[in-house]
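Encoded as structure tokens, the structure appears first; notes follow it.
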Amino acid sequence: MAFEGLAERLQGTIKKITGKGKVSEQDVKEMTREVRLALLEADVNFKVVKQLIARIKERAVGQEVMESLTPGQQVIKVVKEELTSLMGGEQSKVAVADRSPTVIMMVGLQGAGKTTTTGKLANHLRKNHNRNPLLVACDVYRPAAVDQLETLGTQLDMPVFSSGTEANPVDIANEAIAQAKENHNDYVIIDTAGRLHVDENLMEELQHIKADVKPDEIFLVVDSMTGQDAVNVAESFNDQLDITGVVLTKLDGDTRGGAALSIKAVTDKPIKFAGMGEKLDQLEAFHPERMASRILG
Ligand code: GDP
């Protein structure tokens, strides 16, 4: 599971300070130094670490801690609150359009887990929100992607709209939305094409779909195993498409977790879900506070 290394280091640091009846500036300095190193080691973006540490320091030597009866615990509370707010504060919800169907566009690089996440999200919406989604295969460049989505649809017993690999993705998306209206599907989840790298053709195609379809959400699927690259990818997609949220996949893997902690700060877009495995029920709503508690123990 992600964050194991970070959690271990931070929990060690925390133990040293929690029981203290008095916390000196020197204690705060040492603690923030260790927190800083632990975050950098977990591959958190250095600018993000710098800002976070500055905020923790400012609050930790302030009144709320120094005048508290349990200053050690108070310092940890500050660290937890700042970690939570770094990851987005409140948990954010998936949009519901005023007029059905709500349209969600899934974007991301090849291999990030986009198609799998399309299926997982549909499953989540049906199971937890009683929704009736239509999946749409707009990755026309990889015949295997269309087949993969159809297989997911069969596994989930959910409709999939596809027009093979000859049609234009904008037309496919529009036809799918028309069909969803007819069949009363309240969500349309569009699986778009991915490439190995961010490139102009990909972005242009995604921009065309966005301009025409006007999705209610654009979720970027990023692989948390790719560390700082995930953060760079998120920055480019956000610049080009103004995404509405991020799904971090493969958080079950042996990742250092830095991406999860940097993406919100760098893009100012919320992490909405975390992929915790390959199975279709292994998608969790992302709760910043719970994640901070998991890290801090
Ligand atoms: P796409 O090219 O972005 O559509 O990626 P796919 O959906 O085909 O996924 C690529 C691989 O990542 C597949 O083997 C998936 O099973 C795997 N995968 C996706 N999400 C997760 C996750 O959260 N955890 C793990 N362990 N594997 C995942």
Side-chain angles (χ1 to χ4, degrees), residues 101-127 131-199 201-210 212-213 215 217-226 233 237 241 246-250 252-253 273-283:
T102 303
V103 179
I104 302 178
M105 200 175 145
M106 307 296 286
V107 302
L109 294 184
Q110 205 170 302
K114 187 164 29 62
T115 304
T116 312
T117 305
T118 301
K120 285 176 169 177
L121 180 61
N123 188 39
H124 169 91
L125 288 169
R126 179 173 61 189
K127 215 166 100 194
R131 300 293 185 178
N132 172 26
L134 172 67
L135 307 178
V136 187
C138 272
D139 183 354
V140 294
Y141 307 103
R142 279 197 318 134
V146 178
D147 295 345
Q148 193 186 342
L149 197 68
E150 281 175 348
T151 306
L152 287 174
T154 308
Q155 279 171 18
L156 290 166
D157 194 20
M158 244 180 225
V160 175
F161 185 97
S162 68
S163 299
T165 52
E166 297 298 316
N168 170 326
V170 175
D171 295 340
I172 299 177
N174 281 321
E175 283 166 30
I177 292 168
Q179 183 187 302
K181 280 181 189 155
E182 245 168 59
N183 294 350
H184 306 289
N185 296 109
D186 45 14
Y187 273 79
V188 170
I189 312 179
I190 304 173
D191 184 26
T192 63
R195 302 264 155 88
L196 287 175
H197 304 282
V198 173
D199 74 41
N201 289 339
L202 171 65
M203 288 303 175
E204 258 175 35
E205 176 174 314
L206 297 174
Q207 280 162 347
H208 281 148
I209 302 177
K210 176 184 175 182
D212 211 83
V213 165
E217 298 268 22
I218 303 179
F219 287 166
L220 171 68
V221 179
V222 284
D223 178 344
S224 59
M225 302 281 277
T226 58
V233 165
F237 272 83
L241 286 170
V246 175
V247 181
L248 269 179
T249 61
K250 310 183 196 180
D252 52 305
F273 294 96
M276 305 299 292
E278 293 187 277
K279 298 208 187 89
L280 287 171
D281 59 357
Q282 290 178 314
L283 183 76

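This is a predicted model, so every value here is computed, not measured. Both backbone and side-chain heavy atoms feed into the values below; hydrogens, waters and symmetry mates do not.
- Closest non-hydrogen pair, I172 versus A167, comes out as CG1-CB, 3.8 Å.
- Checked against salt bridge (Lys or Arg N to Asp or Glu O under 4.0 Å), E205 has no partners two or more places apart in sequence or in another chain.
- Separating the CG atom in N183 from the CG atom in N132 is a distance of 8.5 Å, to the nearest 0.5 Å.
- Q207 places a side-chain heavy atom less than 4.5 Å from the side chain of L241.
- Taking the side chain as every heavy atom from C-beta outward, D281 and K127 approach each other to under 4.5 Å.
- Between the N168 side chain and the V170 main chain, a donor and an acceptor come within less than 3.5 Å of each other.
- The shortest distance between side-chain heavy atoms of T118 and F219 does not fall below 4.5 Å.
- Taking CD1 from I218 and CE from M106, the interatomic distance works out to 11.5 Å, rounded to the nearest 0.5 Å.
- For the pair T116/E278, no side-chain contact is recorded, criterion being any heavy-atom separation below 4.5 Å from C-beta on.
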Let's go through V107 and K210 carefully: what are the C-alpha distance in whole Å and the side-chain angles of both, what is the deciding distance for side-chain contact (heavy atoms from CB on, under 4.5 Å) to 0.1 Å, and is it a yes or a no? CA-CA 11 Å; V107 302; K210 176 184 175 182; over 6 Å; no

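- Considering all non-hydrogen atoms of both residues, D139 and G194 come closest at OD2-N, 4.1 Å.
- Put simply, the side chain of K250 does not reach to within 4.5 Å of the side chain of T226, judged on heavy atoms.
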Starting from the C-alpha separation in whole Å, work towards a yes-or-no answer on side-chain contact (heavy atoms from CB on, under 4.5 Å) for N123 and L283. CA-CA 9 Å; N123 188 39; L283 183 76; over 6 Å; no

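- Among V247, V221, V246, T117, the one residue that satisfies the side chain to side chain contact (heavy atoms under 4.5 Å, CB included) test with F273 is V247.
- With hydrogens and angles disregarded, no donor-acceptor distance shorter than 3.5 Å links the side chain of R126 to the backbone of M158.
- Looking at F237 and L109, their side chains come closer than 4.5 Å, going by heavy atoms from C-beta outward.
- A donor-acceptor distance shorter than 3.5 angstrom exists from the side chain of T249 to the backbone of A112, with no hydrogens or angles considered.
- We find the CG-CG distance between L206 and N201 to be 10.5 Å, quoted to the nearest 0.5 Å.
- Side-chain contact check for L202 versus V198: every heavy-atom pair is 4.5 Å or farther apart.
- Note that OG1 of T115 and CZ of R142 are 6.0 Å apart. Values are rounded to the nearest 0.5 Å.
- At a threshold of 4.5 Å between non-hydrogen side-chain atoms, the residues N174 and V213 count as touching.
- Residues L149 and L135 come closest through the heavy atom pair CD2-CB, 4.1 Å.
- For residues 144-160, every residue pair satisfying the side chain to side chain donor-acceptor pair (under 3.5 Å) rule, not counting sequence neighbours, is listed here: E150-S162.
- F161 approaches S163 most closely through the heavy-atom pair CE2-OG, 3.6 Å.
- Between Q110 atom CD and H197 atom NE2 the span is 10.0 Å, to the nearest 0.5 Å.
- The shortest heavy-atom contact between G153 and V160 is CA-CG2, 3.6 Å.
- Looking only at distances, no side-chain donor or acceptor of T192 sits under 3.5 Å from a matching main-chain atom of C138.
- Nearest approach of D252 to G275, heavy atoms of both residues: OD1-O, 3.7 Å.
- Here the CD-CG distance, from E204 to D199, works out to 9.5 Å after rounding to the nearest 0.5 Å.
- Residue pairs meeting the salt bridge (charged side-chain N to carboxylate O under 4.0 Å, His left out) criterion with at least one member in residues 169-194, sequence neighbours excluded, are K114-D191, R131-D186.
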